[in-house]
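Data block below; observations after.
Treat the numbers as computed from the prediction; the structure is a model and nothing was measured.
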Amino acid sequence: MHSRSRSRNLEWNDVDLENRLLHVHPKEIWDPKTDNSERTIPLCEPAVEALRMGRERAENKKVKSSLVFPGRNGGPLTDIRDSLDGACRRADVPRIHVHGLRHTFGSQMAMAGADPSAIMKAMGHAGIKTTMIYVSLGKSHIREQVERLNGILGSPPPQKLKALPAPTYAN
């Protein structure tokens with residue numbers, strides 16, 4: 001069975017906490033959708049801390065697994081939706097769709113000032129058009145960006161340009 005879900009098949013040997021990297025590569029049970037799907041993604045500090053906590057919890061479980069997100073029996077999750085719903089309830093946050101996590105990742109990178117090319121590479125997209133589907137900016141972020149123009153009015157007016165002489169053409 002070849003599953004398209006990368007997180008479902010993510011193993012601890014794909015995670016390099018020391019260097020803050022996540023390696024996404026083909027596996028026997030997962031084939032990448034595109035050439036760009038195989039990649040190494042730098043991890044931000046909150047992600048590293050969450051993974052450290054997850055590894056500690058995994059080491060204390062009776063059922064050992066090489067998977068970062070194992071099911072109850074240590075194998076791949078059979079229903080990611082149920083697991084995510086449970087995590088949302090425990091964290092007391094609104095329910096989110098699994099694919100919404102990718103949208104959040106892309107949007108948060110954009111709102112933090114990442115350039116679209118970096119977002120595209122981190123998300124494993126083959127083209128920028130696909131990335132832009134995932135990047136939705138919040139209204140407050142858009143307002144903040146537009147308000148950057150407010151400083152323009154406070155700056156001294158530009159000097160008037162002298163009229164340039166009419167061009168002359170050689171015959």
Side-chain angles (χ1 to χ4, degrees), residues 1-138 140-141:
M1 177 176 128
H2 291 282
S3 170
R4 285 184 51 200
S5 172
R6 289 166 288 282
S7 58
R8 175 187 197 146
N9 301 305
L10 186 65
E11 296 178 295
W12 284 111
N13 63 7
D14 299 324
V15 179
D16 180 352
L17 293 175
E18 185 177 321
N19 294 304
R20 298 173 41 163
L21 297 170
L22 176 70
H23 305 287
V24 179
H25 54 89
K27 299 182 186 241
E28 189 176 310
I29 57 174
W30 176 71
D31 289 323
K33 195 161 104 175
T34 68
D35 289 342
N36 290 349
S37 294
E38 186 173 352
R39 61 202 182 278
T40 296
I41 306 167
L43 295 168
C44 61
E45 196 55 40
V48 169
E49 284 309 308
L51 286 165
R52 278 193 180 114
M53 288 172 44
R55 182 173 274 169
E56 285 174 21
R57 285 184 61 206
E59 289 170 356
N60 295 325
K61 286 188 174 187
K62 290 179 185 171
V63 178
K64 301 297 179 195
S65 177
S66 63
L67 296 170
V68 175
F69 305 109
R72 294 193 191 284
N73 65 357
L77 286 170
T78 54
D79 191 345
I80 294 173
R81 169 78 269 148
D82 284 348
S83 297
L84 185 56
D85 285 348
C88 288
R89 277 192 306 277
R90 287 189 301 278
D92 197 28
V93 296
R95 182 177 189 261
I96 186 170
H97 293 279
V98 176
H99 210 69
L101 298 172
R102 283 182 62 78
H103 284 274
T104 300
F105 175 75
S107 296
Q108 290 295 317
M109 280 191 72
M111 288 189 284
D115 66 85
S117 178
I119 299 168
M120 180 184 84
K121 286 179 180 8
M123 294 186 78
H125 293 147
I128 199 71
K129 278 185 165 183
T130 305
T131 303
M132 297 317 289
I133 292 167
Y134 284 84
V135 176
S136 57
L137 304 175
S140 62
H141 180 75

| said: I'd like to know if the side chain of Arg20 and the backbone of Pro42 have a donor-acceptor N/O pair within less than 3.5 Å. | reply: no
Gap separating the [atom1] atom of [X] from the [atom2] atom of [Y], nearest 0.5 angstrom:
X	Y	atom1	atom2	value
Asp115	Met120	CG	CE	9.5 Å
Leu43	Leu17	CG	CG	7.5 Å
Arg39	His23	CZ	NE2	12.5 Å
Ile80	His99	CD1	NE2	12.5 Å

[Y] and [X], any side-chain heavy atoms less than 4.5 Å apart:
X	Y	value
Arg89	Arg95	no
Arg72	Lys61	no
Leu84	Leu101	yes

| task | Evaluate whether atom NZ of Lys129 has more than 12 neighbouring non-hydrogen atoms of other residues, nucleotides or ligands under 6.0 angstrom away. | result | no
| Got more than 12 heavy atoms from elsewhere within 6.0 Å of CD, Glu18? | no
Nearest heavy-atom neighbours spanning [X] and [Y]:
X	Y	result
Ala122	Met109	CB-SD, 4.1 Å
Leu67	Glu11	CD2-CG, 3.8 Å
Ile96	Cys88	CG2-SG, 3.8 Å
Trp12	Leu51	CH2-O, 3.4 Å
Met123	Arg102	O-NH2, 2.9 Å
Asn9	Asp14	O-OD2, 4.2 Å

| Name the one of Thr131, Val135, Ile128 that satisfies side chain to side chain contact (heavy atoms under 4.5 Å, CB included) with Pro116? | Ile128
| message | Run Thr40 and Asp16 through side-chain contact (heavy atoms from CB on, under 4.5 Å) and show every step you take. | response | CA-CA 10 Å; Thr40 296; Asp16 180 352; over 6 Å; no
